[in-house]
Amino acid sequence: MAALTAAQSGASVILLERNQKVGRKLYITGKGRCNLTNDCPADEALSNVPHNSRFLTSAMTRFPPSAVQEFFTGLGVPLKTERGGRVFPQSDRAADVIDALFMALRRQKVSIVEDRAVRLLATEDRISGVKGERGTYPCAAAVLATGGCSYPLTGSTGDGYRMAAKLGHTVLPPRPSLIPLVIEGEECPQMQGLSLRNVSVRVKNQRGKAVFQEQGELLFTHFGLSGPLILSASAHMREYEKDRYTVCIDLKPALDEQTLDARLVREFSEHANQAFHNVLEHLAPRLLVPVLTARSGIPADLPANSVTKVQRRRLLELLKALCFEVQGPRPVEDAIVTSGGVKVGEIDPRTMESKLVQGLYLAGELIDVDAYTGGFNLQIAWCTGRAAGQAAALRVLGG
């Protein structure tokens with residue numbers, strides 16, 4: 001976006017790309033479908049940025065989600081909007097978004113060079129060039145848009161942090177956000193592969209305060225919990241060093257306790273002579289049954305008509321709040337995005353220009369901003385890239 005915008009503004013642009021193909025990280029966004037923005041106003045998009053949202057106000061207001069949609073439609077990518085305002089290409093192919101950007105770069109005569117930038121060159125606090133592994137590229141302006149350090153196989157290995165730091169920028173340690181959670185114990189591995197839909201998740205800190213609550217889908221894995229709900233919840237869990245978190249799953253969010261108890265009474269009555277664990281299969285997925293049985297303390301082979309009111313109450317509480325202690329997040333390399341990065345106080349929020357080095361611009365995940373799921377992180381990438389590209393071109397062209 002930065003390269004294309006700068007070229008459209010009249011600048012001569014070289015795009016240094018360390019991979020053989022551009023946009024490799026875009027291929028994996030939205031499970032390969034590319035959730036490229038969210039169909040909402042700029043202020044709502046900003047409300048989905050839990051950290052340093054004020055810094056993004058100017059860039060987001062000037063290139064809001066509606067403008068992003070117009071931009072991609074103009075590049076020949078028909079779009080559609082799904083649940084939660086998530087915007088995807090109609091084809092459900094991230095490759096179509098990448099191809100459209102690539103062809104736009106070609107039309108604007110952007111020179112795409114396969115090289116890995118290793119150092120920014122500066123003379124008297126002014127950018128003078130970029131040194132790569134294969135060559136040196138003199139320039140009057142450089143946009144650093146290398147991503148964070150999540151999914152390093154796509155090329156985002158933290159190079160941008162190191163280059164910015166060498167020029168004096170403060171880099172706040174990157175932490176995982178939108179990340180699966182590691183859960184203590186053997187229960188989650190026993191349920192590996194089980195996907196739960198239309199459940200409600202509530203996350204509490206060690207003081208019992210709810211930091212997140214939402215309904216949706218989650219997945220049990222060999223290490224713990226994943227899926228859309230868990231990734232969203234993880235963005236609210238930033239104090240692993242100082243706090244302990246508990247994830248509680250309401251398996252029956254559509255039923256209040258009274259209605260659910262009546263359902264349990266009916267199930268136990270209709271299957272009076274069946275073993276307790278068999279009746280449970282009418283109430284929960286099969287992989288969940290051993291866990292619910294063990295936690296309830298009700299003997300698996302106890303006839304349903306022998307389940308006491310107290311035992312039934314224990315089961316009801318489990319169905320409404322099946323809780324897991326969080327050990328911590330998965331490694332930062334597994335994160336969809338990283339929190340942390342170049343300190344926003346050292347960047348002009350209108351132009352994305354460094355306040356320390358003239359002619360240096362920063363964009364995207366490299367900056368200490370991150371958002372919830374739903375297309376908001378790519379929206380940040382587009383609007384900061386747009387602002388950086390425009391300002392870099394103006395500097396070069398003497399505007």
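For clarity, every value in this text was computed on a predicted model and none was experimentally measured. Heavy-atom basis, side chains included; hydrogens, waters and symmetry copies ignored.
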Please give me the minimum heavy-atom distance between [X] and [Y], naming the atom from each residue.
| X | Y | answer |
| --- | --- | --- |
| F63 | Q379 | O-NE2, 2.9 Å |
| L356 | D125 | O-CB, 3.8 Å |
| A104 | L4 | O-CD1, 3.6 Å |
| G160 | L366 | C-CD1, 3.4 Å |
| A6 | A393 | O-CB, 3.7 Å |
| Q311 | P299 | NE2-CD, 4.3 Å |

ask   = Looking at M352, Q8, R62, which one forms a side chain to side chain contact (heavy atoms under 4.5 Å, CB included) with Q390?
value =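 Of M352, Q8, R62, side chain to side chain contact (heavy atoms under 4.5 Å, CB included) with Q390 is met by R62 alone.
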message = Which residue in the set I298, L288, D301, L280 passes side chain to side chain contact (heavy atoms under 4.5 Å, CB included) when paired with T293?
response = L280
Salt bridge between [X] and [Y], side-chain N to carboxylate O under 4.0 Å?
| X | Y | answer |
| --- | --- | --- |
| E317 | K252 | no |
| E17 | R24 | no |
| D159 | R18 | yes |

Under a plain distance cut-off of 3.5 Å, with no hydrogens placed, do [Y] and [X] share a side-chain donor-acceptor pair?
| X | Y | value |
| --- | --- | --- |
| S232 | T373 | yes |
| D115 | Y137 | yes |
| H51 | D368 | yes |
| R126 | Q358 | yes |
| Q69 | T37 | no |
| H169 | E346 | yes |
| S195 | E217 | yes |

In terms of heavy-atom contacts, does [atom1] of [X] have more than 12 from other residues, nucleotides or ligands at under 6.0 Å?
| X | atom1 | value |
| --- | --- | --- |
| K204 | NZ | no |
| R350 | CZ | no |
| Q90 | CD | yes |
| R295 | CZ | yes |

ask   = Given the rule in the salt bridge (Lys or Arg N to Asp or Glu O under 4.0 Å) test, do E214 and R202 qualify, once you have shown the distances and angles that lead to the verdict?
value = CA-CA 7 Å; E214 199 170 296; R202 190 168 188 251; over 6 Å; no
key: Over-ring placement of R312 relative to F276, 6.0 Å and 45° cut-offs   =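 No cation-pi geometry.
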From [atom1] ([X]) to [atom2] ([Y]), nearest 0.5 Å:
| X | Y | atom1 | atom2 | result |
| --- | --- | --- | --- | --- |
| I249 | L251 | CD1 | CG | 6.5 Å |
| N38 | L378 | CG | CG | 11.5 Å |
| I183 | I230 | CD1 | CD1 | 7.0 Å |
| L264 | L255 | CG | CG | 9.5 Å |
| R314 | K309 | CZ | NZ | 14.5 Å |

Chi angles and distances behind the salt bridge (Lys or Arg N to Asp or Glu O under 4.0 Å) call for E82, K80 = CA-CA 7 Å; E82 297 187 0; K80 62 179 177 179; 3.4 Å; yes
message = Quick check: do S339 and D370 have side-chain heavy atoms less than 4.5 Å from each other?
response = yes
request  = Please report the C-alpha distance between R395 and E353 in whole Å, then the side-chain angles of each, then the deciding distance to 0.1 Å, and finally whether the salt bridge (Lys or Arg N to Asp or Glu O under 4.0 Å) criterion is met.
outcome  = CA-CA 10 Å; R395 172 171 287 281; E353 185 175 21; 2.9 Å; yes
request  = Step by step, work out the salt bridge (Lys or Arg N to Asp or Glu O under 4.0 Å) result for D92 and R33.
outcome  = CA-CA 5 Å; D92 284 331; R33 298 171 60 216; 3.0 Å; yes
message = The test is side-chain hydrogen bond (donor to acceptor under 3.5 Å, both in side chains); show your working for T246 and E325 and say whether it passes.
response = CA-CA 5 Å; T246 303; E325 298 296 320; 3.2 Å; yes
Aromatic plane relationship, H236 with F212 - under 30° parallel, 30 to 60° tilted, over 60° perpendicular = tilted
key: Whether K355 side chain and G345 backbone form a donor-acceptor pair below 3.5 Å   =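 Present.
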